[in-house]
Number of protein chains: 2
Amino acid sequence: MNRDFAGLLKEHGVQPSAQRAAVASYVLTTAEHPTAETVWSRVKKHFPMISRATVYNTLNLLTRKGLLRQFVLVDGKTVFDANVGNHHHFIDKKTGRIYDIPWDALEVSRLESLGRFEVSDYHVVVRGRLKSSARRRG
Amino acid sequence: MNRDFAGLLKEHGVQPSAQRAAVASYVLTTAEHPTAETVWSRVKKHFPMISRATVYNTLNLLTRKGLLRQFVLVDGKTVFDANVGNHHHFIDKKTGRIYDIPWDALEVSRLESLGRFEVSDYHVVVRGRLKSSARRRG
DNA sequence: CACGGGTTTAGAATTAGTCTAAGCATAGAT
DNA sequence: ATCTATGCTTAGACTAATTCTAAACCCGTG
Ligand SMILES: [Mn+2]
Ligand SMILES: [Mn+2]
Ligand SMILES: [Zn+2]
Ligand SMILES: [Zn+2]
């Protein structure tokens with residue numbers, strides 16, 4: 001932790017600023033698939049005067065620059081995911097929380113047979129309950 | 001076409017009305033995965049005085065009764081799907097249109113190996129381009 | 001120190017969806 | 001045939017998520 005986020009942003013063509021580093025330091029290290037509202041509330045703890053517009057701007061900018069991915073799995077909520085590599089998702093039906101499933105944990109076959117669909121990417125969305133064993137990181 | 005939608009609704013525990021039959025006759029027969037706004041505009045052509053609230057109410061009611069499914073795949077738009085059986089989805093990156101992939105066209109393996117995740121359902125979301133062959137029904 | 005480009009800000013605007021309260025339709029009772 | 005209760009429909013108000021706007025701000029360069 002405590003990486004040099006200003007440097008990281010610069011490397012990805014994002015001009016660094018205190019606000020952007022604050023957003024990045026949270027959103028690029030969490031596994032909780034936060035909404036923009038969640039990002040805002042987390043970042044405000046350490047940077048109380050940051051505005052909502054800056055949070056949205058920064059999240060969209062990081063997404064355009066490939067540091068972040070955003071997707072909508074439930075309801076009307078866009079969530080942000082710093083895991084930009086291929087992976088699948090598990091949604092806990094009880095809590096709505098989203099967990100990553102490593103790419104290699106599942107295999108999808110017969111994708112070549114899709115006829116008129118030319119596949120460029122895909123992922124599996126799994127829904128269910130978390131087994132009762134104590135939950136660890138998600 | 002021109003099925004008895006009032007009868008169909010009754011069979012599913014939905015008290016029929018002219019508005020509900022109008023919504024049902026469109027949304028239960030289309031394959032275009034429409035948004036609520038799209039449903040409203042289509043239904044208004046044949047039933048110009050129907051209100052937005054009635055369209056939303058009916059779509060939510062049909063969903064509760066199991067005649068319709070709703071999901072969010074892209075952007076912030078909930079779409080409605082009269083195909084309530086298991087199936088996968090293909091999203092055309094160019095147009096955003098959503099197409100059904102029959103359940104048996106794909107196979108997902110190793111779902112039993114997901115450890116702490118207890119799977120109750122899943123589906124594959126595939127994205128790509130539609131091959132140039134003339135498009136048929138989606 | 002002034003300039004200028006990019007960044008941040010608060011709040012207005014927009015969009016999707018829900019809620020409200022009044023009016024309407026109709027099945028059943030008389 | 002009329003009455004009535006229940007449920008349906010309606011317009012518009014409201015809410016929540018997100019984007020837009022325009023002014024203020026920051027900071028490196030001249
Ligand atoms: Mn966005
Ligand atoms: Mn809904
Ligand atoms: Zn993820
Ligand atoms: Zn479908």
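These numbers come from a predicted model, not from an experiment. Within every chain, numbering begins at 1; the chains are lettered A, B, ... in the order of the sequence lines, protein sequences first and strands thereafter.
What separates CG of B:Leu62 from P of D:dC8 is a distance of 12 Å, to the nearest Å. The CG-C1' distance, from A:Asn60 to D:dC20, rounds to 12 Å in whole Å. Distance, A:Phe71 CZ to D:dT18 P: 13 Å, rounded to whole Å. Rounded to an integer number of Å, the gap from A:Leu59 CG to C:dT7 P is 15 Å. The distance from atom CG of A:Leu61 to atom C1' of C:dG6 is 12 Å, rounded to the nearest whole Å.
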Extract all donor-acceptor atom pairs below 3.5 Å that involve side chains of residues 45-54 of chain B and protein atoms in other chains or at least two apart in sequence.
from	atom 1	to	atom 2	distance (Å)
B:Ser51	OG	B:Ala53	N	3.4
B:Ser51	OG	B:Thr54	N	3.2
B:Ser51	OG	B:Thr54	OG1	3.3
B:Arg52	NH1	B:Glu37	OE1	3.0
B:Arg52	NH1	B:Glu37	OE2	3.1

Less than 3.5 Å apart, which donor and acceptor atoms pair up between the side chains of residues 101-108 of chain B and the rest of the protein, not counting sequence neighbours?
none

A:Asp121 vs B:Lys93, salt bridge (charged side-chain N to carboxylate O under 4.0 Å, His left out): CA-CA, chis, key distance, verdict: CA-CA 10 Å; A:Asp121 62 89; B:Lys93 279 178 147 168; 3.2 Å; yes

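Residues that satisfy the salt bridge (Lys or Arg N to Asp or Glu O under 4.0 Å) test with B:Arg64, not counting sequence neighbours, are absent from this structure. For the salt bridge (Lys or Arg N to Asp or Glu O under 4.0 Å) test, no residue two or more places apart in sequence or in another chain qualifies with A:Arg20.
Judged by distance alone, with hydrogens and angles left aside, the side-chain atoms of A:Lys10 form no donor-acceptor pair with the main-chain N or O of A:Pro16 at under 3.5 Å. The backbone N or O of A:Val84 sits less than 3.5 Å from a side-chain atom of A:Arg69, completing a donor-acceptor pair.
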When you compare the protein's N or O atoms with those of nucleotides 23-27 of chain D, which come within less than 3.5 Å of each other, and at what distance?
none

Do any N or O atoms of the protein come closer than 3.5 Å to N or O atoms of nucleotides 8-14 of chain C, and which pairs are they?
from	atom 1	to	atom 2	distance (Å)
C:dT8	OP1	A:Ser17	OG	2.3
C:dT8	OP1	A:Gln19	OE1	3.1
C:dT8	OP2	A:Arg20	NE	3.4
C:dT8	O3'	A:Gln19	NE2	2.9
C:dT9	OP1	A:Met49	O	3.1
C:dT9	OP2	A:Ser51	N	2.9
C:dT9	OP2	A:Thr54	OG1	2.8

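Ring-plane geometry between A:His89 and A:His123 is classed as perpendicular, the angle between the planes exceeding 60 degrees on a 0 to 90 degree scale with a lower cut at 30. Between A:His33 and A:His87, the angle of the ring planes lies from 30° to 60°, which puts this pair in the tilted group.
Distances shorter than 4.0 Å separate some side-chain N or O of B:Tyr56 from OP1 or OP2 on C:dG17. At the phosphate of D:dT18, OP1 or OP2 sits under 4.0 Å from a side-chain N or O atom of A:Thr78.
Side-chain proximity of B:Lys77 to D:dA17, C:dA16, C:dG17: nearest is C:dA16.
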